[in-house]
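First the proteins, then the strands, lettered A, B, ... as listed; each starts at 1.
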Number of protein chains: 2
Amino acid sequence: MNAEIIAVGSEMLTPERVDTNSLFLTGELNNLGIEVVEKHVVGDDRGRLTRTVRRALEHSRFVLISGGLGPTEDDVTRDAVASALWRKQIFHADISDAIEERFRRMKRVMPEINRRQAMVIDGAEVLSNDRGTAPGQWISAGDGVVVLLPGPPYELKSMFTRECLPRLRAMVPPMVIRTQVYRISGMSESDLDQTISPIYKVYENPATTVLAHNGDLQVHLRARCETESEALALLADVGGRIEAALGDKIYARDSSTLEEVVGRKLRERGETLSVAESATGGGLAERITTVAGSSSYFVGGFVTYAVRLKRELLGVPAETLEQFGPVSAETAAAMALGAREKTGSTWAVSITGNAGPTADEPGANGIGAPVGAVYIGIAGTKGTETHHRVWPSSDRPRVRAFAAQMALDMLNRAIG
Amino acid sequence: MNAEIIAVGSEMLTPERVDTNSLFLTGELNNLGIEVVEKHVVGDDRGRLTRTVRRALEHSRFVLISGGLGPTEDDVTRDAVASALWRKQIFHADISDAIEERFRRMKRVMPEINRRQAMVIDGAEVLSNDRGTAPGQWISAGDGVVVLLPGPPYELKSMFTRECLPRLRAMVPPMVIRTQVYRISGMSESDLDQTISPIYKVYENPATTVLAHNGDLQVHLRARCETESEALALLADVGGRIEAALGDKIYARDSSTLEEVVGRKLRERGETLSVAESATGGGLAERITTVAGSSSYFVGGFVTYAVRLKRELLGVPAETLEQFGPVSAETAAAMALGAREKTGSTWAVSITGNAGPTADEPGANGIGAPVGAVYIGIAGTKGTETHHRVWPSSDRPRVRAFAAQMALDMLNRAIG
C-alpha cells in the first residue's frame, strides 16, 4: 500500500520554508502500514498541480494533498484535482452557509470569494474542518483515493485524525504497532551505529531509526504485527540485544530527556542542584529549567564569564586561576564546590572551557586552552570529580551544546 | 527559466527527516533569476526516480538531483538518470584511481563496490568533489540540463558553488542582485505585516519576505535588476518607506542579531553587562554569549530560580519578595540592582516571570502570577526601569523565548 504526498503553495518553494505537514502524515500513514514513496512540493500553479496529481495516482494508491484550499485565485487545489480526475465541481449551499455562520460568530461578514470554498468535486465526501473555514475532500477514483487537506498544520492534523484515519483504517488490514525508545549519551553517533547496526540491520520488522542531536542519541524500534504479543516479542528480542550491547550508555528506556531523568532522580531523593557555567554561558541552566516543575530541585546558578567573577562569586582561589588557568580541572572543581557552598544545594555542576572560535591567550602557566577544550566539575555529598574532553570542532554553538550534554551525562552518572 | 529539484533517499520519506539541500539550492538558483517550480523526494527506487527525472525534464529547463551517488546497490541515481535519458554509462579509470587514492590517504583499502562511483553517463561533464568520494555530473539533454549532486550538504554546497554556479551564470542573462535586511523587535508579526504589506505588496521587484522567530522579526528585500544602480534605487525607494513606517522598531539594517547589536554598542563604549534570571533559567545569558567575543563586555550572571537565592545572591529585600511576590516589578528592579552591584557591571538586566505551565501559588499578597506574566528590570548608570507583559500562551519554551527577546529589546532601547 503506497502513498504520495503533495504540498501545495509557492511559499514552500522559497529558500526559507519547508513542508512539515508531510512528516506528520508520513508518521500516521506508516502506523497503518502505508508507505510513503514520493513527496512533492508544487507552487500555486493549476497546470503543474493537475499533472502531478494525475501522475501520482497512476503509481500510488493514496494521494494526499495539503494546502491550496483557501478562497483566493491563488488557491488552485480544488480546480487542479477536478481537472486531473476529469470531474466537475458542485456548489454546496450548506458548506457556504456554515462558512458564513463562522464569519458571523467572529462578527465579520463573509467576503464573496469565500463561496469558492463551498465548491466540491463531483463524488467527493466532504471532510469537516473544526479549526478553519476550508473543508477537506475525500475522493475515490478507481482503485485510488485522493484526499484534499488544508495547509495550516493545526487544521490539517485535526481533520486527518478525525476524518481520514477511520476511513483509512477500514481500508487496510488491521495491524498493531508497538514502539520502544532508547535514549543514549556518552558515545558518538558512529560508535552507536557500529555497535548496534549488526543487531538491527537484519530485521525489517521492527524498523529501527537512529537519531542524533549534539551528543544526545536516540534509537527507535517500531514493530508492526498482527497481534500485540507478536509485536512485544519482537521488541523484547531486538531491544534486549541492543540493551545488552549498550549497557549504561542508555539513560532512558522511554522518551524522557536527560534533564528529565536527572530531575526525576533528584525529586525522588529530595536533593537539589545548582550550576556554575563559563563556556556554556547559561545554556546548562537553561536546559535544566526547560523541565516544567524543575524549580522543585533546581535552586539556581552562576554564569561566571569574566575570570574575576569566578573568584568573587564562587570563591575560586586566585592561585588556582593563576597556576592552572580558568580552563582547567582545578578551576572546574573549585567552581562546582563554590556553587554548592553558595547555594546550599546537594549537587553542583560546573563547566569551564573554550567554545571558540579562537584559542585562549596563554595564562601564567604558559598554556592557552585550545578551542573545544571543556572541563566539567561535579560536587556532591561524597566529594568532587572532574572530567575533561577536547572536541575536534571550532563550531562555537556545537562545542557549547556538546559541553552541556556531557555535564548532564556526568551528573546523571554521579547521582547514580 | 525554471528548475525542479529532486532529493533522492528513502530516509527522507520517514517521519523524522526533511530535505534541506533544496533550500540552499533554491536560494542560489533564485539569485541567478532561476525559479524553482517543483520539488520532489523519491526513495532509493530506480523506476520511480527514472520517471520523476523524465517528467521534470519535460517541463523544466534545469533538473537538480541530490543524493544517491554512493557506492551501494541502494544508490540508484546514476542508473536512473541514464535510463531517463536513454544513455549508457562509461567507466572512467581516472575517477576510480582518484577514489582509490583518497582511501589510501585515509590508510584504507577501497572496497570493490566503490568502482561504481566511477561510472559516468555518456556525454556528462564530471563535477569534482573536494569533500567526499562521489563525483557529480552535469548533463546537457536537448534544451535542458540534469545535474547530479552528492547528498551530504557539506559536499553538495562546495560542489555546487565551485562547479555549477559558473556554468549556470554563463547560461542566464547577467543580473545584479542586491538585498536589504531589516531586523525588528517590539511588535508582533501580524502588526508588522499589516504595517508594511501595503508598501511591499505592490512590488514584484524587490521581492519581500517576512520572517518571524519568537518575537524577533526580519524583513528581507531582494532587488534583481540589470544594473547595480537600478537595484539600489529600488531598495532605497521601498526600503525607505518601510523604514519610515517602522521607525525605532528596527534595531538593525543588516543581518546582525539583537545580541550582536547590544554587544557592539557596549564594546564601543567600554561598558559591561550582567544578568539576573528566574523564568528564563539561563536562556538570556546563553543568548548573549552566543556572540563570539562577548567576554569583552558580558561579565556574567545569576540564575536565581529558588526564591531564597534572589535574597541570598542578589540581595533582594525579604520585604519586597513578601509584599509584591517574586514575580513583580519591584522584585525585577531589585534583581537588576543586585546583579549590577554584585558584579560591578555598567548595566544589568533581570527577568522574573511565570513561564508556565501552571499559575504560581498565591503569595502573601494573595496574588499568584498568571502563566505568561513577565517582568523585566534594567539597571544602569541613570537608575532602574521595569517593563511588564503577559503573553497569552501557556507554552513554556515560547514564553521563555519571548521573555528573553523582550529583555534584550528593552536593554537595547535603554542603552540608546
Interchain contact, [X] with chain B, by part (heavy-atom threshold 4.5 Å):
X: A:L313; result: side chain
X: A:N31; result: neither
X: A:L13; result: both
X: A:V291; result: backbone
X: A:T209; result: side chain

Pick one of side chain, backbone, both or neither for [X], based on which atoms fall under 4.5 Å of a heavy atom in chain A.
X: B:D44; result: neither
X: B:E38; result: both
X: B:T280; result: backbone
X: B:D45; result: neither

Give a yes or no on this: more than 12 heavy atoms of other residues, nucleotides or ligands lie within 6.0 Å of atom CD of B:E341.
-> no
Under 4.5 Å between any side-chain heavy atoms of [X] and [Y], yes or no?
X: A:I288; Y: B:Y305; result: no
X: B:R308; Y: A:V299; result: yes
X: A:S60; Y: B:R48; result: yes
X: B:T290; Y: A:R396; result: no

Charged N to carboxylate O under 4.0 angstrom, A:R287 versus B:E286?
-> no
Between A:E58 and B:R55, is there a salt bridge with N-O shorter than 4.0 Å?
-> yes
Residue, of [options], that accumulates the most heavy atom pairs under 4.5 Å with chain A:
options: B:A355, B:G344, B:A306; result: B:A306
options: B:I6, B:V18, B:T343; result: B:T343
options: B:G300, B:A7, B:G47; result: B:G300
options: B:S295, B:G43, B:A292; result: B:A292
options: B:K310, B:R17, B:E4, B:E11; result: B:R17
options: B:S294, B:P397, B:S22; result: B:S294

Check: B:T289 main-chain N/O paired with A:R400 side-chain donor or acceptor under 3.5 Å = yes
Pairs where residues 10-39 of chain A contributes a residue and the test ring-ring contact (aromatic ring centres under 6.0 Å, His included) is met, not counting sequence neighbours | A:F24-A:F160
At a heavy-atom distance under 4.5 Å, which candidate from [options] has the highest pair count against chain B?
options: A:N30, A:V36, A:T20, A:V37; answer: A:V37
options: A:L211, A:T358, A:V275, A:L284; answer: A:L211
options: A:L29, A:T304, A:V303; answer: A:V303

Do you know the tightest heavy-atom contact between [X] and [Y]?
X: A:T14; Y: B:T26; result: C-CG2, 3.7 Å
X: A:K342; Y: B:E312; result: O-OE1, 4.3 Å
X: B:G27; Y: A:P15; result: CA-CG, 3.5 Å

For the atom pair CG (B:L309) and CZ (A:F298), what is the distance rounded to the nearest 0.5 Å?
-> 9.0 Å
